[in-house]
Amino acid sequence: MRLADRWTVVAFDPRGYSRSLLDGETGDQRVEVQSEDAHRLIELVSPDGGPVAVFGSSSSAVVALDLLSRHPERLARVIAHEPPMVELLPDPEPGRKLFAAVRDSYRRDGVEAALATMTEGLMGPEADRPAEGGPRAVAAEPSPREAEAFRRMRANLPVFLEHVLCPFSSYVPDLEALGRRAEADHRRRAGVPQPAHGDSGCPAGGQGRRQARGVPRWTHRFHRGS
């Protein structure tokens with residue numbers, strides 16, 4: 001079954017990608033701007049105010065979380081797949097250095113060098129190297145539709161590497177707002193009455209940065225030399 005068989009499904013290109021071209025030169029992109037782009041699209045395709053489900057992967061997962069913190073009333077469900085938010089790691093410095101190195105590799109030697117730097121930093125220097133005498137994986141032939149999608153994704157890499165990777169990976173979400181939404185969802189599933197307005201049930205002040213209730217810690221180990 002396809003999602004479109006039962007729901008209205010909308011996929012769109014963020015600013016600067018594929019068919020969402022920008023007027024003038026492309027500058028560093030901002031999470032909150034793309035989040036409001038998504039919100040305006042939701043208002044357009046669902047004008048009755050009904051809640052929608054949102055899926056975002058990588059940098060779009062960062063946008064999805066920002067959208068949830070700003071407009072929780074419009075979202076019934078958010079799937080944020082692998083948002084690269086290094087500031088939530090116990091030690092964000094290795095991630096900052098890696099993504100800065102990826103951007104530097106792109107500026108100096110191009111897309112292929114940047115991807116190699118990214119792969120080695122995330123997976124180690126032996127990544128994508130089969131064991132001696134071991135079998136090599138054979139990729140399935142993509143369909144024409146998949147091939148066109150891969151072509152567009154590859155064409156977007158210069159914008160991603162130069163203008164999205166570092167600004168989006170350094171984004172810090174509003175964990176208190178996300179925690180309030182997680183708490184509300186938990187109460188609803190448990191059949192517990194919602195608290196009065198203003199009683200969020202979440203830590204106040206700066207404590208909410210990494211400890212908002214219902215929001216997990218992210219962990220990742222970056223490899224030395226990246």
Side-chain angles (χ1 to χ4, degrees), residues 10 12 14-15 27-100 122 160 163-222:
V10 177
F12 69 100
R15 292 184 181 218
D28 281 356
Q29 298 300 293
R30 295 165 54 191
V31 173
E32 62 271 23
V33 171
Q34 293 198 9
S35 173
E36 288 305 317
D37 287 345
H39 178 244
R40 285 192 290 270
L41 182 58
I42 290 171
E43 293 292 300
L44 179 66
V45 300
S46 182
D48 61 356
V52 304
V54 171
F55 171 84
S57 182
S58 187
S59 59
S60 292
V62 179
V63 174
L65 291 173
D66 186 82
L67 178 64
L68 179 60
S69 68
R70 293 173 185 272
H71 302 286
E73 74 286 349
R74 292 308 317 264
L75 305 181
R77 177 172 300 170
V78 171
I79 302 172
H81 176 249
E82 296 184 349
M85 298 186 295
V86 299
E87 298 302 319
L88 297 186
L89 297 172
D91 180 10
E93 190 58 24
R96 294 172 187 155
K97 290 181 177 179
L98 169 61
F99 293 141
L122 293 175
F160 173 76
H163 298 296
V164 175
L165 177 61
C166 288
F168 279 51
S169 63
S170 63
Y171 167 80
V172 178
D174 185 345
L175 292 185
E176 292 191 11
L178 296 176
R180 287 193 295 271
R181 173 57 189 262
E183 180 73 9
D185 287 347
H186 174 74
R187 287 174 176 270
R188 184 174 62 253
R189 288 194 297 268
V192 177
Q194 297 295 324
H197 180 71
D199 178 12
S200 67
C202 295
Q207 295 177 359
R209 185 174 184 274
R210 285 201 178 98
Q211 298 176 5
R213 188 175 302 174
V215 180
R217 287 173 177 256
W218 278 264
T219 60
H220 186 84
R221 176 173 294 174
F222 295 93

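The model shown is predicted, which means the values in this text are computed figures rather than measured ones.
- Summarising the geometry, atom CD belonging to E32 is positioned 9.0 Å from atom CD belonging to E36; distances are rounded to the nearest 0.5 Å.
- One finds the NE2 atom of H81 at 9.0 Å from the OG atom of S58 (value rounded to the nearest 0.5 Å).
- Here the side chains of V62 and P84 are in contact, with some heavy-atom distance below 4.5 Å.
- Contact annotation: the side chain of V10 never approaches that of I42 to less than 4.5 Å [non-hydrogen atoms, C-beta and beyond].
- Under a 3.5 Å cut-off, the side chain of R77 and the backbone N or O of A53 do not form any donor-acceptor pair.
- Between V52 and L75, the closest side-chain pair of non-hydrogen atoms falls below 4.5 Å.
- For the pair L67/V54, a side-chain contact is recorded, criterion being any heavy-atom separation below 4.5 Å from C-beta on.
- The minimum heavy-atom distance linking D185 with R188 is given by the pair OD1-NH2, 2.7 Å.
- The closest donor-acceptor contact from the side chain of S46 to the backbone of E43 lies at 3.5 Å or more, if one exists at all.
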query = Could you go step by step and tell me if D28 and V164 meet the side chain to side chain contact (heavy atoms under 4.5 Å, CB included) rule?
reply = CA-CA 6 Å; D28 281 356; V164 175; over 6 Å; no
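- Side-chain N or O atoms of Q29 include one that pairs as donor or acceptor with a backbone N or O of G27 at under 3.5 Å.
- Atom-to-atom distance recorded for H71:NE2 and R74:CZ is 9.5 Å, nearest 0.5 angstrom.
- In this structure, V45 and L41 have side chains that are in contact, with non-hydrogen atoms separated by less than 4.5 Å.
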ask   = Where do V63 and F168 land on the side chain to side chain contact (heavy atoms under 4.5 Å, CB included) test, with the steps shown first?
value = CA-CA 9 Å; V63 174; F168 279 51; 3.6 Å; yes
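- In this structure, P14 and Q34 have side chains that are in contact, with non-hydrogen atoms separated by less than 4.5 Å.
- Between E183 and R180 there is no salt bridge, since no side-chain N of the basic residue sits under 4.0 Å from a carboxylate O of the acidic one.
- Between the CZ atom of R70 and the CG atom of D66 there is a distance of 4.0 Å, given to the nearest 0.5 Å.
- With rounding to the nearest 0.5 Å, the separation of OG in S170 from CD in E87 is 6.5 Å.
- With rounding to the nearest 0.5 angstrom, the CZ atom of F160 is 9.0 Å from the SG atom of C166.
- With a 6.0 Å radius and a threshold of 12 heavy atoms from other residues, nucleotides or ligands, R30 has its CZ atom at or below the threshold.
- Between P173 and L88, some side-chain heavy-atom pair lies under the 4.5 Å cut-off.
- Two residues are said to be in side-chain contact when any heavy atoms from C-beta on lie closer than 4.5 Å; M85 and L65 meet this criterion.
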